[in-house]
Amino acid sequence: MRLENYEMHLPSYSIGEKSYSKIVDVCDDYGQKVLMIGGKKALQAAEAKIRRAIEGSSLEIIGVEIYGHDCTYATIERLRNLEIYKQADMVFAVGGGKA
């Protein structure tokens, strides 16, 4: 893959403990099917909070994927080629730092 032919669009992101309470309102326009991707520690810390936040809404978590060990363009391509990614309306990228 040549970097000059690669595009990545980051339409929005949320930061902060109170962000969980806004998930349903923020995501309402994007669809219903959610794929969560993140590091092991970040997913352990956030997954239950996200699931509680979307309870009773039309949002559905269709999969949870650990991104891997290194955040590289190859890792991104591997995740983008997953069948579950193709089914998702949106991706919740959980974590920070290296992930």
Side-chain angles (χ1 to χ4, degrees):
M1 172 176 52
R2 296 180 58 174
L3 189 55
E4 66 263 13
N5 294 328
Y6 190 82
E7 288 184 27
M8 184 183 308
H9 301 275
L10 304 170
S12 64
Y13 59 92
S14 301
I15 298 172
E17 187 69 26
K18 294 183 181 181
S19 296
Y20 296 105
S21 66
K22 309 273 192 233
I23 289 174
V24 174
D25 294 334
V26 169
C27 296
D28 194 39
D29 293 337
Y30 295 103
Q32 297 176 336
K33 297 177 185 176
V34 176
L35 172 61
M36 290 176 51
I37 297 175
K40 286 181 186 179
K41 288 181 183 178
L43 287 169
Q44 287 173 348
E47 184 178 355
K49 293 176 185 177
I50 292 171
R51 288 186 183 278
R52 277 193 303 275
I54 67 168
E55 260 179 27
S57 76
S58 64
L59 296 178
E60 172 192 6
I61 296 174
I62 61 170
V64 178
E65 292 289 331
I66 295 174
Y67 81 95
H69 298 289
D70 293 310
C71 187
T72 62
Y73 290 111
T75 299
I76 293 168
E77 286 303 312
R78 178 185 60 80
L79 292 166
R80 285 180 49 182
N81 287 318
L82 293 174
E83 191 58 39
I84 196 83
Y85 176 88
K86 297 171 187 173
Q87 296 170 18
D89 297 319
M90 64 194 96
V91 173
F92 287 7
V94 179
K98 188 175 171 181

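Keep in mind that what you see is a predicted model, and the values were worked out from it rather than measured.
Screening Val24, Asp28, Asp25 against Ser57 for a side chain to side chain contact (heavy atoms under 4.5 Å, CB included) leaves a single residue, Val24.
Once rounded to the nearest 0.5 Å, the distance linking CE of Met36 with CD1 of Ile62 reads 12.0 Å. If you take CZ on Arg51 and CD1 on Ile23, they are separated by 11.5 Å, rounding to the nearest 0.5 Å. To the nearest 0.5 Å, the span separating CG on Leu43 from CZ on Phe92 amounts to 12.5 Å.
A search for side chain to side chain contact (heavy atoms under 4.5 Å, CB included) contacts involving Glu55 returns Arg52, not counting sequence neighbours.
Side-chain atoms of Asp89 never come within 3.5 Å of backbone atoms of Tyr30 as a donor-acceptor pair (strictly under, hydrogens ignored).
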(message) With side chain to side chain contact (heavy atoms under 4.5 Å, CB included) as the criterion, how do Leu79 and Tyr67 come out once you've worked through the C-alpha distance, each side chain's angles and the decisive distance to 0.1 Å?
(response) CA-CA 7 Å; Leu79 292 166; Tyr67 81 95; 4.0 Å; yes
(request) Report the C-alpha separation of Leu59 and Met90 in whole Å, then their side-chain angles, then the decisive distance to 0.1 Å, and conclude whether the side chain to side chain contact (heavy atoms under 4.5 Å, CB included) test is met. (result) CA-CA 10 Å; Leu59 296 178; Met90 64 194 96; 3.8 Å; yes
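In this structure the side chain of Val94 never reaches within 4.5 angstrom of the side chain of Lys49, judged on heavy atoms. With contacts defined as side-chain heavy-atom distances shorter than 4.5 Å, the pair Val34/Ile54 does not qualify.
The environment of NZ in Lys18 is sparse: at most 12 heavy-atom neighbours from other residues, nucleotides or ligands sit within 6.0 Å.
Closest of all the heavy-atom pairs between Leu35 and Gly63 is CD1-O, 3.3 Å. When every heavy atom of Ala42 is checked against every heavy atom of Gly95, the shortest pair comes out as CB-CA, 3.5 Å.
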